[in-house]
There are 2 protein chains.
Amino acid sequence: MMPISDRLIYNKRVFTRSARASDKDGIERKETVMAGQKNKVTIFDVAKASGVSSSAVSYALNNKPGVSEATRAKVLKVAKGLGWRPNGAAQALARANTSRIGVVLAQEARLLSAEPYMMELLAGLGAELEQHDYSMLLRFAIGRDNEVVILKDWIATGNVDALLLVNLEMDDPRVALLNEYPEMPALALCDPSLSGGLPVMRSLDMQAVTKAVSYLHDLGHERIGRVGGPESFGHSYIRDAAFSDAAAELGVRYRCLHADYTPKGGIEATKRLLSVNPRPTAIIYDNDVMAMAGMGIAREMGFDIPGDLSIMAWDDSFMCTAVFPHLTVMGRDIVGSGHRAAQLLLKLVDGEQVGVADEYPYELRERASTGPAPASVEQR
Amino acid sequence: MMPISDRLIYNKRVFTRSARASDKDGIERKETVMAGQKNKVTIFDVAKASGVSSSAVSYALNNKPGVSEATRAKVLKVAKGLGWRPNGAAQALARANTSRIGVVLAQEARLLSAEPYMMELLAGLGAELEQHDYSMLLRFAIGRDNEVVILKDWIATGNVDALLLVNLEMDDPRVALLNEYPEMPALALCDPSLSGGLPVMRSLDMQAVTKAVSYLHDLGHERIGRVGGPESFGHSYIRDAAFSDAAAELGVRYRCLHADYTPKGGIEATKRLLSVNPRPTAIIYDNDVMAMAGMGIAREMGFDIPGDLSIMAWDDSFMCTAVFPHLTVMGRDIVGSGHRAAQLLLKLVDGEQVGVADEYPYELRERASTGPAPASVEQR
DNA sequence: TTGTAAGCGTTATCAC
DNA sequence: GTGATAACGCTTACAA
């Protein structure tokens, strides 16, 4: 008899707990201290201090029914007094959710820093998640394969509640992966044609392209060049197609080269675009780094901007108004889109359907780098 | 008697588990599915499949002694076959560590995107953490107070194993907070004089300042201006003091204005610096955005760069070679410093001492925006 | 070497 | 409304 009842008692939290706190000493205590948290105020401490059970405390602290207002108030007060905060791991384990959204970045560091898009997006995303007590779990992948490995790991370990997929490529392996695990909510930032049915927030590139081309067309430009990002990137491809269409529609000649977002890439592509005869009178770049580099080299070659050549960039950043002439851009509220992405992700976590949502639309921000097409076009 | 023995059996994991898997149906199952993970392969499943106990499995999977090589091999194989991965929350709860490093960013989104420093640092940090199966938990704070709230929360909830503190200000409240909780490892990125004894990785600004000033001095510049970042930022202050000293040492006139890292700020400060008589013949900017804006406005004012005025920037980015003339900068391996920060943080997590470590040193990257001081100086 | 079960700090179910 | 306790999935002390 004794061993059984002993065990039963030992099984009770309160006893176990107080036993650990006072009886044992040495190794275990040391470990606990090493582990990190000093302030191990648990729900049991709160329960004891407020003279109720741990479940009552849990209900009270989570604003759930099941306790009287009187006890709720008391528990809340005691918890605050003790400085209690729920242990994240325990909560995650019990609730089977983590309050974390996962993002994997697979681009090279210097590229990431050169592109304002990602940082602004993350800032918006983070700020919105913040409002809902969610965090962002961030990983930097080394290559595409690694990216899939990380996602698989997150899915299997349950380390995040949902995933944000960025920079999708055509036939992206991540789409296949997420379709294998429909229970893991994921939002893809890409054109719906690339997402394989996954919930999507799409950027309104088509509209923007039409707007940009007709803006230049209205200025008299009849030959437009473009320096796009890497061809493997979904949005490069989408924009390219849209440009072809819009140009054809307006009877504008259009030529596109792809580069790697770097100054060097922008310079090379610009030189090549300007070496054909007749040359384009306007060039649109997929990012501001290439636009600036392109504008710079064009000036070095003797072109006046925008007298001889108009320059436009895609996506705005401080850089666009730090250079002279200031760059005309197709800009959009990227931070806002980050907020929206967060809202969509939280919806997905709640089991709601999302389907296809839109990013904030692009708007033309006309500045000094664009102007009427030159009357005549001579080469340099 | 019956109830007691019943309970005892129910307490056993294996029984509980199999009961849940087959007996019950409906609500509970549904909840489990809702929660997220489909592939709930647990350590018990692996144990059952390989015919050993759960502890043997745990030892095997964690490469710990306590199992024979034979069983270890078998367990590993079975686990792999079943696609088992440890549940993050459970592991965190049991081990009292999370395999996560926390970073709070408190800057405005547009500023973050304008400064390559942060993204490169995070990229390096993330890549190194990656090697050690650590993740980065990222939060975006809205204001300084919020930042402290988040840190407090992380400390109390045990959501991270260590903290990286960036952009420290003078008398930063975070330093006081972390000194209250010495059990939470934290690394500050700042000058040791600002860290209040916290482990530090410092940037070698002093050296760099000396190098920059003597470089310009060697070119014949005797009046140097500087456009620094916000005065509240620790590194602005540190650099300012260093500049004063280095300039005094070499008998160079030095004048510093502080701006907010934006193009507008850079333009205003540049105008003011150039409006005094005699004007400086070289200006050093704390970031590339302001440097570019400053260079641009100076050219608009009729100054030739570098003929009349030399321009230097602090920290390198793609932008510095995207603009013409390319910007001379004091650059450093920021990604590398991120890696180093991660290593230091992991040391701290392991209970090792760190003290004061160094970032990668700055190097002068001489490009086209600097040159000999002009013979005579007239105003525009 | 192996298995048993306590323990991590929550949540949620179930009697009372 | 309240308290007891099973459950979450893992690690690890201890018994066998």
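For clarity, every value in this text was computed on a predicted model and none was experimentally measured. Chain letters run A, B, ... following the sequence lines, proteins first and then strands; every chain starts at 1.
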Task: Between C:dA6 (P) and B:Leu93 (CG): distance, integer Å - done: 16 Å
Open item on the list: What's the closest nucleotide to the side chain of B:Val52 if the choices are C:dG9, C:dG3, D:dT11?
Closed with: C:dG3
TODO: State, yes or no, whether a side-chain contact exists between A:Leu178 and A:Met184 at a heavy-atom distance under 4.5 Å.
DONE: yes
Open item on the list: Treating B:Asn179 as the side-chain partner and B:Gly196 as the backbone partner, does any N or O pair qualify as donor plus acceptor under 3.5 Å?
Closed with: yes
- [ ] Would you indicate whether the side-chain heavy atoms of B:Leu164 and B:Val104 approach each other to under 4.5 Å?
- [x] no
- [ ] Take B:Leu163 and B:Ile101 through the side chain to side chain contact (heavy atoms under 4.5 Å, CB included) test and state the conclusion after the steps.
- [x] CA-CA 6 Å; B:Leu163 296 169; B:Ile101 300 291; over 6 Å; no
TODO: Measure from CZ on A:Phe44 to P on C:dT11 and round the result to the nearest Å.
DONE: 11 Å
Open item on the list: Using a distance-only criterion (donor-acceptor N/O pair, under 3.5 Å, no hydrogens), is the base of D:dA4 paired with the side chain of A:Ser53?
Closed with: no
Task: Pairs satisfying salt bridge (Lys or Arg N to Asp or Glu O under 4.0 Å), at least one member in residues 124-134 of chain B, at least two apart - done: A:Arg139-B:Glu130
Open item on the list: What I want to check is whether an N or O donor and acceptor connect the side chain of B:Ser54 with the base of C:dT4 at under 3.5 Å.
Closed with: no
- [ ] Take the protein atom CZ of B:Arg95 and the nucleotide atom C1' of D:dT12, then report the distance between them rounded to whole Å.
- [x] 12 Å
Task: Among C:dT10, D:dT12, D:dC10, the one nearest A:Asn87 by side-chain distance - done: C:dT10
Task: Side-chain N,O (B:Ser58) to OP1/OP2 (D:dT11) below 4.0 Å - done: yes
Open item on the list: From C-beta outward on B:Trp84, which listed nucleotide comes closest to its side chain: C:dG3, D:dA4, D:dC10?
Closed with: D:dC10
- [ ] Starting at atom CG of A:Asn97, determine the distance to atom P of D:dA7, rounded to an integer number of angstrom.
- [x] 21 Å
- [ ] Would you mind telling me which of D:dG9, D:dT12, C:dT10 lies closest to the side-chain atoms of A:Thr42?
- [x] C:dT10
Open item on the list: At 4.0 Å (heavy atoms only), tell me whether A:Thr71 reaches a base, stays on the sugar-phosphate, or touches nothing.
Closed with: sugar-phosphate
Task: A:Asn159 CG to D:dC8 P, straight-line distance once rounded to whole Å - done: 19 Å
TODO: Scan B:Gly88 against the nucleic acid and name what it touches under 4.0 Å (heavy atoms): base, sugar-phosphate only, or nothing.
DONE: nothing
- [ ] Could you state the atom-to-atom distance from CZ of B:Arg72 to P of C:dT2 in whole Å?
- [x] 10 Å
Open item on the list: Taking the side chain as everything from C-beta on, heavy atoms only, tell me whether B:Val160 gets closer than 4.5 Å to B:Ile155.
Closed with: no
Enumerate donor-acceptor pairs with a distance under 3.5 Å from any side-chain N or O in residues 74-82 of chain A to protein atoms, sequence neighbours excluded.
none

Task: Side chain of B:Ile43 - closest among C:dT4, D:dT11, C:dT10 - done: D:dT11
Open item on the list: I want to confirm an ordering. Mapping B:Ala90 and B:Ser55 to their closest nucleotides on DNA chain C, which one lands closer to the 5' end?
Closed with: B:Ser55
- [ ] Check whether any side-chain nitrogen or oxygen of B:Gln91 sits under 4.0 Å from OP1 or OP2 of D:dT11, and answer yes or no.
- [x] yes
Open item on the list: For the backbone of A:Ala89 and the side chain of A:Asn87, can you confirm whether one donor and one acceptor N or O come within less than 3.5 Å of each other?
Closed with: yes
Task: Any residue of residues 59-69 of chain B with a heavy atom less than 4.0 Å from an atom of DNA chain D - done: B:Tyr59, B:Asn62, B:Lys64
